[in-house]
Amino acid sequence: METNDLVRDTSLARKQPDNVEVQLLIGQMYLNKGAFTEAFDMFVVAAQSGQPQALNMLGRAYEQGWGVTRSVGHAIKYFESAADQGDGWACFNLGDLYLAGDGVEANPQLAFRYYVQAARSGVNKALNMLGTLCESGLATGQPDKEKARLYFQAGAEAEDCWAAFNIGRICLEEKNDKKALYWFERSLSYGFPAYWQMLEVFLSKTRSPLFLKISAKARELIGGTSGRGKQSVLPG
């Protein structure tokens with residue numbers, strides 16, 4: 001990665017802290033406030049170090065259009081640079097782009113390989129995506145529910161709420177209410193408002209008193225988060 005590729009204004013670097021972790025935290029603070037141009041500038045400065053998390057966040061800025069014209073091509077460039085250094089979130093982000101065909105030709109098989117790399121690097125969300133690809137058959141040629149179950153359960157045990165939901169959903173489809181209840185209830189503790197809202201709506205349709213009880217808990221959690229600040233975007 002050429003340093004010149006990262007620099008919009010060389011004077012920026014001289015005005016900012018020289019610690020990459022501090023630069024990333026300041027960039028996150030700008031994001032939380034909606035100051036996207038300032039966040040982008042900070043990620044540019046941080047990425048000059050070549051540190052993989054900084055490269056990944058600059059890729060995220062280009063992917064999302066935070067303070068800069070959106071460019072998937074630039075995003076992929078920085079994600080790949082970070083992934084080459086073993087950054088799991090950069091691998092995950094590449095998987096998302098290739099799965100969705102967002103600004104690049106869709107390639108579920110390549111997405112699967114990136115999610116595998118992400119999972120090996122400790123990104124638990126990637127286990128859910130691997131399960132989803134196996135269940136749908138998009139990456140494997142035909143649906144493989146048993147392999148999907150293994151990925152979902154691994155992700156659920158690693159505290160990814162979506163993986164917990166999916167293993168619970170499969171148990172519910174198989175009429176194994178006891179296990180479904182276990183996973184749905186467990187997912188509440190590591191979920192977040194958008195997830196709790198989805199779970200509440202999903203379980204409210206079951207008409208089962210036990211599942212409705214979990215739906216009510218999800219609704220309580222949503223109420224308890226009202227008025228809180230924006231969720232942090234780092235590390236992915």
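Each residue takes its place number in the sequence, starting with 1.
The 12-atom threshold is not exceeded at CD of Gln197, counting heavy atoms of other residues, nucleotides or ligands nearer than 6.0 Å. Counting non-hydrogen atoms of neighbouring residues, nucleotides and ligands closer than 6.0 angstrom, the CD atom of Glu173 exceeds 12 such neighbours. Applying the 6.0 Å contact sphere to NZ of Lys147 captures no more than 12 heavy atoms from other residues, nucleotides or ligands.
The CD atom of Gln23 sits 8.0 Å away from the CD atom of Gln48 when rounded to the nearest 0.5 Å. Remark: Glu21 CD to Leu24 CG distance equals 7.0 Å, nearest 0.5 Å. Taking CG of Leu55 as the start and NZ of Lys77 as the end, the distance is 10.5 Å to the nearest 0.5 Å. Taken from CZ in Phe92 to CH2 in Trp89, the straight-line distance is 6.0 Å, to the nearest 0.5 Å. With values rounded to the nearest 0.5 angstrom, Asn176 atom CG is found 11.5 Å from Ile170 atom CD1.
In the hydrophobic clustering of ILVMFWY residues, with side-chain heavy atoms under 4.5 Å counting as a link, Ile76 and Tyr115 come out apart. Both Trp196 and Leu181 belong to a single network of hydrophobic side chains, linked directly or stepwise wherever heavy atoms of I, L, V, M, F, W or Y lie under 4.5 Å apart. Criterion: ILVMFWY side-chain heavy atoms under 4.5 Å apart, direct or through other members. Under it, Tyr78 and Val20 are part of a common hydrophobic cluster. The hydrophobic cluster containing Tyr62 also contains Val44, counting ILVMFWY residues as joined when their side-chain heavy atoms lie under 4.5 angstrom apart, directly or transitively. In terms of hydrophobic clustering, with Ile, Leu, Val, Met, Phe, Trp and Tyr side chains grouped at heavy-atom distances under 4.5 Å, Met198 and Ile214 are assigned to a common cluster.
By the 30° and 60° cut-offs, the orientation of the rings of Tyr114 relative to Tyr98 is parallel.
Using a 4.5 Å cut-off on side-chain heavy atoms (C-beta onward), Asn93 and Arg60 make contact. Contact check for Asp160 versus Leu127: no side-chain heavy atoms found under the 4.5 Å cut-off. Residues Val116 and Leu130 form a side-chain contact, since some pair of their non-hydrogen atoms from C-beta on lies under 4.5 Å apart.
Only one option out of Phe184, Trp162, Phe202, Tyr190 pairs with Tyr195 in a ring-ring contact (aromatic ring centres under 6.0 Å, His included); it is Trp162. For the side chain to side chain contact (heavy atoms under 4.5 Å, CB included) with Phe79, the lone residue among Asp84, Leu58, Asn56 that qualifies is Asn56.
Between the Arg70 side chain and the Glu63 main chain, a donor and an acceptor come within less than 3.5 Å of each other. Looking at Ser215, its side chain never comes within 3.5 Å of a backbone N or O of Phe211 through a donor-acceptor pair. Judged by distance alone, the side chain of Gln85 and the main-chain N or O of Gly50 form a donor-acceptor pair under 3.5 Å.
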> Taking it one step at a time, do Lys217 and Glu220 satisfy salt bridge (charged side-chain N to carboxylate O under 4.0 Å, His left out)?
Replying inline: CA-CA 5 Å; Lys217 287 183 180 180; Glu220 289 174 9; over 6 Å; no
>> Run the ring-ring contact (aromatic ring centres under 6.0 Å, His included) test on Phe165 and Phe152 for me, step by step, so that the C-alpha distance in whole Å, both residues' side-chain angles and the decisive distance to 0.1 Å come before the verdict.
In response: CA-CA 9 Å; Phe165 170 78; Phe152 288 146; 9.4 Å; no
>> I'd like to know whether Phe36 forms a ring-ring contact (aromatic ring centres under 6.0 Å, His included) with Tyr30, so could you lay out the CA-CA distance, the side-chain angles of the two residues, the decisive distance to 0.1 Å, and finally the verdict.
In response: CA-CA 6 Å; Phe36 298 118; Tyr30 282 132; over 10 Å; no
